[in-house]
Amino acid sequence: MTQHMMLQVQDLSKTFTLHTQGGATLPVFDGVNLAVGAGQCIALTGASGAGKSTLLRSLYANYRPSSGQVLVRHREAMVDLTGAEPRLQLEIRRETIGYVSQFLRVIPRIPAEGIVAEAAVAGGMDAAQALDAARALLRRLNLPERLWSVPPATFSGGEQQRVNIARGLIRSFPVLLLDEPTASLDAENRNVAVALIMEAKAKGAAIVAICHDETVRAEIADAVFDVSAFQVAA
Amino acid sequence: MSTLQPAGSGAQFHSIDGVYNFAYLDEQTKRMIRRALLKAVAIPGYQVPFGGREMPVAYGWGTGGMQVTASILGVDDVLKVIDQGADDTTNAVSIRRFFNRTAGVPVTEATTEATVIQTRHRIPEKTLREDQVIVYQVPMPEPLRKLEPRETETRKMHAFAEYGLMQVKLYEDISRHGEITTTYDYPVEVNARYMMAPSPIPKFDNPKMHAMPALQLFGAGREKRIYAIPPYTKVRSLDFNDYPFEPQQFEDPCALCDAKGVFLDEVILDDKGDHMFVCSDSDHCRDRRAEGHMGPRAREAAEKGYGADE
Amino acid sequence: MSDAPLLEAEGVSHTYAGGQVGCADVGFTLYPGEVLGIVGESGSGKSTLLSCLSGALPPSRGRVRFAVRGQGMQDVFKLSEPERRLLMRTDWGIVHQNPRDGLRMSVSAGGNVGERLMAVGARHYGDIRSEALDWLGRVEIDAERVDHLPRTFSGGMQQRTQIARILVSQPRLVFMDEPTGGLDVSVQARLLDLLRGLVRDLGVAAVVVTHDLAVVRLLSDRLMVMRQGRVVESGLTDQVLDDPQHPYSQLLVSSVLQA
Ligand SMILES: Nc1ncnc2c1ncn2[C@@H]1O[C@H](COP(=O)(O)OP(=O)(O)OP(=O)(O)O)[C@@H](O)[C@H]1O
Ligand SMILES: [Mg+2]
Ligand SMILES: [Zn+2]
């Protein structure tokens with residue numbers, strides 16, 4: 001591989017132990033190895049429940065893998081995200097890994113443009129500039145201007161998802177994790193989202209995406225990674 | 001008024017009726033109070049607790065001041081008692097009588113003649129001397145009390161000189177009234193250390209406390225606290241840079257003695273609202289008139305041929 | 001990562017007279033600007049721990065160290081009482097569950113906020129007042145209420161006044177004990193959102209004790225789950241809430257709807 005290595009998953013496994021269900025264990029995947037280079041996009045595939053989201057969340061240290069490592073290039077060095085101190089995990093999220101979740105987690109009282117701008121401010125942009133960038137992005141995603149100053153709690157699924165995409169893509173994260181970024185979008189907005197993702201790739205982002213939509217997948221992904229192949233027989 | 005002669009004399013003095021010890025308090029109690037006084041003098045502005053005794057008057061009538069006076073009074077002393085600047089109010093008269101009877105010391109209304117001056121609400125206008133002691137009657141010794149009711153907490157505030165809260169009180173004054181409206185019992189900082197309630201004297205008198213040649217003693221009967229300002233001690237009235245401390249100012253002079261820069265009381269002359277401002281320190285006023293000074297009212301009266309103060 | 005720690009707890013334990021365990025063997029390191037949430041059922045030792053951390057209750061064992069300005073890490077309980085009290089008025093702040101414990105009810109809102117400035121020697125009324133106004137504005141209290149007594153305020157306003165009173169001294173560390181307890185849900189949301197904004201803008205570190213998982217989800221970067229005085233699990237807030245490992249954490253998370 002000639003590309004600059006950004007993300008390297010080594011022998012990763014995840015098993016949930018459900019203590020509230022009498023300690024039942026729920027193995028999801030085992031022995032996952034995956035490498036993603038700069039400017040590359042890998043699409044995770046597999047049936048519903050195969051563990052795509054679980055894997056993606058593990059790459060963000062949102063879920064804690066049972067074993068294995070997630071190495072990420074952070075400040076020029078490969079760092080083990082899984083075993084890192086909380087402080088370093090936070091720093092990696094702040095600087096290196098962006099994550100667009102399947103659903104927007106709304107924050108009470110913060111307007112759509114504020115949610116998007118906040119992400120840019122967290123990356124060091126000044127507030128006024130961030131707000132301009134946020135508005136430009138929301139405009140591009142065809143979110144009606146009257147909604148910009150409204151907290152997204154009352155938005156439709158597609159509107160919320162556009163806010164979510166804008167929030168994740170307003171900065172140029174070196175590593176991007178996308179969970180169904182286009183699922184609830186109409187054709188026009190799907191195209192905008194795809195264009196944004198392609199721009200991120202062009203800037204060198206290493207991307208791992210879950211996306212059921214085969215046309216979108218074909219457009220953005222350089223390779224697919226079937227999570228089902230790592231499922232543990234129950 | 002001339003000095004009253006003692007009813008008895010000499011160190012073996014016993015009170016007139018032979019029932020009470022000299023100056024009422026027993027020697028044991030006086031020694032205890034004197035120890036508290038010594039400590040108070042050693043730590044200017046610091047409130048020293050003492051085991052107060054019951055006095056034959058109710059709290060609020062100067063029992064704290066009386067206990068201090070009783071403990072420092074000697075047979076050679078000459079006592080003056082004032083209340084709001086006057087020697088002839090009920091309170092002043094009865095305290096004076098009390099000591100005249102129980103200690104037999106001479107009493108006086110003349111500030112210059114007195115060696116011990118017990119006061120409620122004023123400091124005499126005449127600068128006090130090194131050989132004089134002024135004893136203040138204190139109703140509430142804790143300047144922080146109104147804002148911090150917990151005694152344990154105010155004690156720590158004093159111990160660690162945490163006095164921001166006192167400033168809050170002045171802040172509240174200005175925010176509510178546009179100026180510092182505290183005019184009595186205006187808090188002071190003593191010797192650049194302890195925050196102190198000067199007792200309800202007008203803030204007009206605050207500057208007199210600073211570097212006063214006389215020893216200043218404070219007694220709070222109900223709260224059982226004694227504190228002191230030794231002679232020539234720094235006393236600073238609290239304020240803000242943009243709202244500096246300002247004592248009351250009176251435009252006109254005393255209507256009777258023409259004194260300027262003294263604290264004046266308003267006297268209502270008739271039911272038509274005629275009034276005049278005269279010295280609150282009646283001894284001072286009398287002296288000045290005796291020296292021939294004449295205020296506008298006095299002059300008017302003299303021209304008409306009768307005395308204005310009669 | 002070059003920043004030095006701000007607060008360090010090591011093996012902090014407190015046993016009450018009578019043998020009741022308040023907290024046991026709690027350790028963590030807090031860095032400038034970080035918000036640490038502490039959750040657990042009532043009686044799990046959250047408030048005991050908070051008292052130990054904030055210098056109010058000497059732990060029976062263990063130590064708490066704080067990066068005192070110009071002095072480096074200092075054992076909080078080896079500071080002299082005046083030094084500790086000075087910290088309380090300057091670099092630390094406590095947001096009490098009951099605003100009555102954190103406000104002077106007989107002093108105006110402006111006076112409450114200005115007190116910390118005066119405590120460190122501010123003696124210019126105009127400056128103190130304009131700072132108080134500024135801070136009341138930041139916590140969304142109308143300028144015209146500046147001279148009103150907090151007892152004429154709603155619970156939410158009192159809580160916000162309490163926060164302004166603390167933040168005015170630009171503390172580096174704020175302890176919050178159930179900051180939204182006792183407030184209506186809508187008022188809670190507003191307060192939380194305000195706290196979140198302030199904490200972010202000012203870069204102040206905080207330790208937030210609550211039994212409300214929504215509060216920590218919104219405010220804290222990191223989370224500790226306590227049970228019977230012990231920390232049973234800790235990690236990034238979303239880790240602990242989304243993928244809880246310990247049986248008790250799982251129970252806690254599963255017993256609330258959508259935190
Ligand atoms: N936090 C959790 N606690 C316990 N079990 C979980 C948790 N998250 C996921 N699981 C379980 O792990 C398995 C994989 O779920 P996951 O959400 O990763 O699937 P997916 O491939 O993303 O599915 P879909 O395509 O439906 O989104 C499922 O059995 C799910 O119930
Ligand atoms: Mg999924
Ligand atoms: Zn006169």
Side-chain angles (χ1 to χ4, degrees), chain A residues 14-26 28 53-58 60-66 74-75 77 79 81-95 97 99 101-103 105-111 114-115 117-119 121-122 126-127 151 153 179, chain C residues 1-6 28-37 140 180 185-197 200-201 205 214-215 217-224 232-255 258-259:
Chain A
K14 175 64 180 172
T15 297
F16 291 104
T17 305
L18 308 176
H19 293 285
T20 51
Q21 313 292 315
T25 55
L26 189 83
V28 183
S53 295
T54 300
L55 175 56
L56 203 68
R57 285 167 177 262
S58 302
Y60 195 56
N62 172 234
Y63 281 2
R64 294 189 253 208
S66 313
H74 174 67
R75 297 189 176 180
V79 176
L81 176 65
T82 308
E85 286 288 304
R87 186 168 151 68
L88 179 55
Q89 291 179 330
L90 287 171
E91 185 187 279
I92 291 171
R93 286 182 178 187
R94 209 159 44 235
E95 296 177 12
I97 309 183
Y99 178 76
S101 55
Q102 209 162 351
F103 302 101
R105 185 177 281 283
V106 296
I107 302 158
R109 291 216 309 160
I110 311 243
I115 289 178
E118 200 173 70
V121 170
D126 79 60
D179 195 347
Chain C
M1 297 292 288
S2 54
D3 290 352
L6 190 65
F28 65 87
T29 304
L30 189 73
Y31 286 85
E34 271 184 352
V35 179
L36 173 70
E140 300 172 16
T180 60
V185 179
S186 64
V187 178
Q188 275 187 19
R190 182 170 176 200
L191 181 73
L192 270 182
D193 159 46
L194 189 95
L195 278 174
R196 178 174 172 275
R200 293 199 168 192
D201 294 350
V215 169
R217 172 76 84 176
L218 212 56
L219 286 184
S220 70
D221 305 305
R222 289 162 49 195
L223 191 60
M224 295 197 319
V232 297
E233 181 164 358
S234 65
L236 300 188
T237 300
D238 60 271
Q239 275 170 2
V240 177
L241 295 181
D242 295 340
D243 186 14
Q245 310 285 309
H246 189 274
Y248 177 69
S249 317
Q250 290 189 358
L251 185 68
L252 201 69
V253 170
S254 68
S255 38
Q258 266 288 309

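Naming convention: chains lettered A, B, ... in sequence-line order (proteins, then strands); numbering from 1 in each chain.
With chain A as partner, the option from C:R196, C:Q245, C:Q239, C:E34 having the largest number of non-hydrogen pairs under 4.5 angstrom is C:Q239.
Not a single donor-acceptor pair under 3.5 Å links the side chain of C:Q250 to the backbone N or O of A:Q21. Checking side-chain atoms of A:Q102 against main-chain N and O of A:D179 turns up no donor-acceptor pair under 3.5 Å.
By the salt bridge (Lys or Arg N to Asp or Glu O under 4.0 Å) test, A:R109 is found to be paired with C:E140, C:D193, residues two or more places apart in sequence or in another chain being considered. For A:Y99, the ring pair (Phe, Tyr, Trp, His ring centres under 6.0 Å) test picks out A:Y60, with sequence neighbours left out.
When heavy atoms are compared at a cutoff of 4.5 Å, A:T20 approaches chain C by way of both its backbone and its side chain. Only the backbone of C:S234 comes within contact range of chain A, with at least one heavy atom under 4.5 Å from a heavy atom of that chain.
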